[in-house]
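Structure, as C-alpha cells:
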Amino acid sequence: MKTLTIAAKDLTHIFQSVFSLVMMFGAPLMITGLLSFAFGGRASGTGTFNLPVTHVQVVNLDQPDGAAPGVAAGKLLVDVLQGPSLAAVLAVTLVSDEASARRAVDAQQAGVAIIIPPDFTAAATSPDRRAAVVIYRDPTLTIGPGIVEDLVSHVMDGFSGAKIAGQVTADGLSAAGAAADQALKDTIARAYTAWLQSHAHGAEGAAVPRLAVVAPTGAAQPQSQGAARIGPIMAGMLVFFVFFMGGNGAESIIREAEQGTLARLSSTPTPLAAILGGKFLGVVVSLCIQVAVLLLASRLLFGIPWGQAATVMLVSLGLMVASAGFGIMLMSLITSSRQTGPVLGGVMTLTGMLGGLFTTAIPTIPASFDRVALLTPQGWALQGWKLALSGAGVGETLVPVAVLLVMGLAFLAVGVVLLRRRFA
Amino acid sequence: MPDGVAIRAQDLQKQFRAVSAVRGVSFEVRAGEIFSLLGPNGAGKSTTIAMLSCLLPPTQGDASVCGHSIRQSPQRVKACLGVVPQDIALYLDLSARENLEFWGKMYGLRGTALRQRVAEVLEIIGLTERQKDTVGTFSGGMKRRVNIGAALLHRPDVIIMDEPTVGIDPQSRRHILDNVKELNRQGMTILYTTHYMEEAQELSHQIAIMDQGKVIACGTHAELIRLVGERTRLDLTLDAEVDALVAYWRSMAGVHSLSADHGRLTLLVDDSNLVLPRLFETASPFGVRITSVTIEEPNLEAVFLHLTGKALRDEP
C-alpha cells in the first residue's frame, strides 16, 4: 500500500511538471513531424502523392520548310510538353529567344529551358540531316528536369524511328531491285512523322496520357507511403523519449535524497524495498501513460498503423521495463541532481545514436550499424517496433521483447543494489 | 514503556572514516520529559539523533527507544517515533494537506482516521486556513510548522526534534516552542536538539551538553548551573585585542575562566563588583579601551564556558 502511495505521489509530481509533459508528449510528436516533413512529407492518405510543378521555357526556333507540308516537328514537341496529362507536373511557357530562357533558369524562375533549333523539322524528316535540341536545366533540381528529358527523348526517338523506317523501306526496295531515290526516302520519313504527329494527339484528337503518378501499393497491409516512412521515425522518437523519461523519473530518488525527504521516508516504518518499489512503479506507470498517449496521438496525427494489438502491447511492455530499469541504474551511478542533466542527456543521446534511433529515416544504413545497435537496449526496442510496424505477430517479436525484459531487470537489479548500498 | 525510560543511549559511537562524530554517548530520557541535547554546531547532536532514528547504524554501542533496540528492531523503533528533521523535508509542490496525508500514510494511517488526524494536526500547527496552498509558497516559519506536523500524525510516544527553530522569525519560533510544551503536556516525550541556550533553558526537564562528540554534562538546569557555582559571566568588547592583557586578566584573582575572540571576551568571575573596576584600571596601561560590558547571572552558556573553556557561540 505504501508502495502505491509513493508511486502516486511521484506520478503527481511528474504530471505537474511542464518539463516532463513536454519531454513525454510534445517533443517526440513535434520532432517526428519535423523529421517526416524534412524527409518527404506526410501522407495524404489517398494512395497518391504530388510532384512539384516544373516550370519549362521553350524556345521554338523551328522553321518547317515546304518540302514537308503539314509537318512541324518543333510544334509537335511543344504540343507533347503542353499536353493536358502533363499539366499537373509541367508549366510550359513559350519564349522567343534563347538568352532570356537561359536567364530564367539561371535565376531559378524556370527549372528547364528547351531550345528547338531552326532546322529541327528538316532534320527530323530527312534521314541524312542532324539537329540538336538543347536542354538547359537547373542543376539543383532532379525530378522535374528528368521528366522533361525523358519526354524530349521520347519524341526524338519517334523522329529517329521515322528515319529508320524510311531507310529500311528504301533498303527493302533496293533488295527487291526497285530504285529508291532520295525523294522516296523523304516521302516515307514525312509519312511516318505525320503518323507520329497524329498519334501524339490520339486517334480522335484526345490527349494520350504521357505520365501517370501513382503510389506503390503494399502487399501485406495497405498503408500510405507517408505512414510507411514516418512509422520508423516515430518509433525512434518514441524509444528515445521513453528512455529519457525513464531516467528523468528515476531522478526523483536523487532529488529526494537531496531534499531530505528520502531520509524522512526512511525514518518512518517503511522498508527501503517499499520506497524503491514505489519509485520503480511510479516510473513504469508514467512510461505506460506516455507510450499509450504517443501511440494513440501518432496514429491520429500521422496515420501510423502500429501493428497487431497484442504485438504492440508486448513490445510496449519490453520498452517500459527496459527504460525504467536503465533509468534507475543510471541514477544509482550519479551522486547529485546537478549531474543529472549532462549524464542523462549524454548517455541517452549516445546510446540512442548507437541504437539507431536518429537514423530511421535513412534507408541506406550499413548492416554493421544494425549489429552495433543491438548492443544497446534502444536498438532492441527499435527492432521490436519495426517488427510491429511491419505487421509481425507476437511470435516474431518474442526475441527482442525477451532481450528487453532481461536487460531491464538486470539494470534494475544493479540499480537497486547500488541504491541500497548508498541509502540503507 | 519499560521502567519509565523512553530513550536509553548506551555508549553510542559513530565513526565516518577518520572522523569520530560521536564518541561514546550515554544518557537516559524518562517518559514524559523534554530532554535537550545542547551544543555548538558539529558537537555530534544530529549524528546522535540520526542513530536514535535508525537512519544511521552506530559503529559501536546501542540504544533503545520505547524499549526497542535500534539495532535489533528498527521498524518498531520507527513506529513509535516521530522525527522532525533539521532541514525542511517536505514536498514543496504539494499542498500542506497533501503533505500531511502522504506522511500519515507512511505511518500507516488510512481513511477516516487519517483525515481526522490531518485536520487535528493542521489545527495544532495553525495552518487550517492555508491547508490547500502548496508548501512552496509558505514562509520559512510556516514550512517549519508543517515539518513538525508531519511527525505528529501517528501520535508517537517519542518525538525527536533536530533544531526545529533554525532560521525562522521570532513569531514562528514562539509558536513552535509553545507547540513543543503543549505536546509534552499531552504526554509526549521529546528529545530536542538545539544550540540556542535559551530554548534548552525554557523547555527542558533535563539537558545534556555535548561537545566534540561527547556528553560533557547532563542534568536539570539547576544541577548544571551548580557546576559553575555562583559565578557571573561578563561579556566585554575591546577596541583592540592585546595578547599580553588577555594573559594578565586570565591570571588575575577572581577571574575563573576567559575566552577571547577578535576583541570579544567572555569571562567567568566570582564577584563582578570587585573584578570589573580592576579590568578597567588594567586595560588603560596596555592602551586598550573597553567599549561595552554585559553582566549575566549564571546560565547554561556559563556552564559550557566553564566546562570547555570556550563560548557556546564559538565554532568548533
Side-chain angles (χ1 to χ4, degrees), chain A residues 1-24 248-279 281-283 285-286 335-337 419-424, chain B residues 46 49-57 65-66 68 70 73-95 98-111 114 134-136 143 146-151 153-154 156 158-162:
Chain A
M1 199 64 184
K2 289 178 182 176
T3 300
L4 291 178
T5 304
I6 293 168
K9 185 263 301 168
D10 278 6
L11 283 171
T12 305
H13 176 78
I14 289 170
F15 287 101
Q16 280 181 348
S17 159
V18 174
F19 174 78
S20 295
L21 292 176
V22 168
M23 295 304 277
M24 285 176 92
N248 191 63
E251 188 224 359
S252 71
I253 299 171
I254 306 298
R255 206 173 43 244
E256 289 217 34
E258 290 177 347
Q259 290 173 347
T261 45
L262 192 63
R264 186 164 207 165
L265 273 171
S266 300
S267 77
T268 67
T270 308
L272 185 60
I275 297 172
L276 294 180
K279 294 279 168 199
L281 184 63
V283 173
V285 172
S286 72
T335 52
S336 88
S337 61
L419 289 170
R420 285 186 77 97
R421 195 175 293 170
R422 196 194 308 180
F423 297 121
Chain B
S46 293
I49 65 166
M51 288 189 283
L52 293 173
S53 313
C54 307
L55 293 176
L56 282 177
V65 179
C66 306
H68 307 296
I70 60 170
S73 314
Q75 292 301 317
R76 288 184 178 180
V77 169
K78 290 174 182 180
C80 72
L81 206 57
V83 179
V84 180
Q86 183 172 348
D87 296 319
I88 304 296
L90 299 168
Y91 299 106
L92 302 183
D93 51 347
L94 299 183
S95 70
E98 287 167 338
N99 263 285
L100 294 178
E101 284 176 347
F102 174 81
W103 291 110
K105 286 176 184 172
M106 290 300 103
Y107 283 108
L109 299 177
R110 288 284 181 278
L114 174 65
T134 53
V135 171
K143 286 177 189 167
V146 182
N147 208 32
I148 292 172
L153 292 155
H154 59 304
V158 177
I159 299 177
I160 293 180
M161 295 183 166
D162 190 5

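By convention in this document, chain letters (A, B, ...) are assigned in the order of the sequence lines, proteins followed by strands, and residues within each chain are numbered from 1. As a basis for the values below, the full set of heavy atoms in this structure was taken, side chains included, without hydrogen atoms, waters or symmetry mates.
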The interface call for Leu265(A) against chain B, heavy-atom contacts under 4.5 Å, is both
OG1 of Thr261(A) to CD1 of Ile88(B), rounded to nearest 0.5 Å, is 12.0 Å
Honestly, the part of Arg110(B) sitting under 4.5 Å from a heavy atom of chain A is side chain
If you tally heavy-atom pairs under 4.5 Å between each of Pro85(B), Ala50(B), Ala151(B), Ser53(B) and chain A, the highest tally belongs to Pro85(B)
Honestly, the part of Asn147(B) sitting under 4.5 Å from a heavy atom of chain A is both
Smallest heavy-atom separation, Pro269(A) atom then Ala79(B) atom, equals CG-CA, 4.0 Å
Problem - Leu94(B) vs His13(A), side-chain contact (heavy atoms from CB on, under 4.5 Å): CA-CA, chis, key distance, verdict - result: CA-CA 8 Å; Leu94(B) 299 183; His13(A) 176 78; over 6 Å; no
Nearest heavy-atom contact between Gly260(A) and Ala89(B) is O-CB, 3.5 Å
When the 4.5 angstrom heavy-atom criterion is applied to Ser17(A) and chain B, the contacting part is neither
Closest non-hydrogen contact found for Val83(B) with Arg264(A) is O-NH2, 3.4 Å
Interatomic distance, CD1@Ile49(B) vs OG@Ser267(A), rounded to 0.5 Å, equals 10.0 Å
Between Lys2(A) and Lys105(B), the two heavy atoms sitting closest are CE-O, 3.7 Å
Residues Leu55(B) and Ala263(A): closest non-hydrogen pair is CD2-O, 3.3 Å
Given the options His154(B), Gln75(B), Met106(B), Thr268(A) meets side-chain contact (heavy atoms from CB on, under 4.5 Å) only with Met106(B)
The interface call for Ala150(B) against chain A, heavy-atom contacts under 4.5 Å, is both
Is the number of heavy atoms from other residues, nucleotides or ligands within 6.0 Å of CZ (Arg76(B)) greater than 12? no
Check: Lys78(B) side chain to Ser266(A) main-chain N or O, any donor-acceptor pair under 3.5 Å?
Finding: yes
- Please check if any side-chain donor atom of Tyr91(B) sits under 3.5 Å from a side-chain acceptor atom of Gln259(A), or the reverse. no
Subject >> Side-chain heavy atoms of Phe102(B) within contact of Ile6(A), under 4.5 Å >> reply: yes
Turns out that what part of Leu262(A) lies under 4.5 Å from chain B's heavy atoms comes down to neither
The interface call for Asp93(B) against chain A, heavy-atom contacts under 4.5 Å, is both
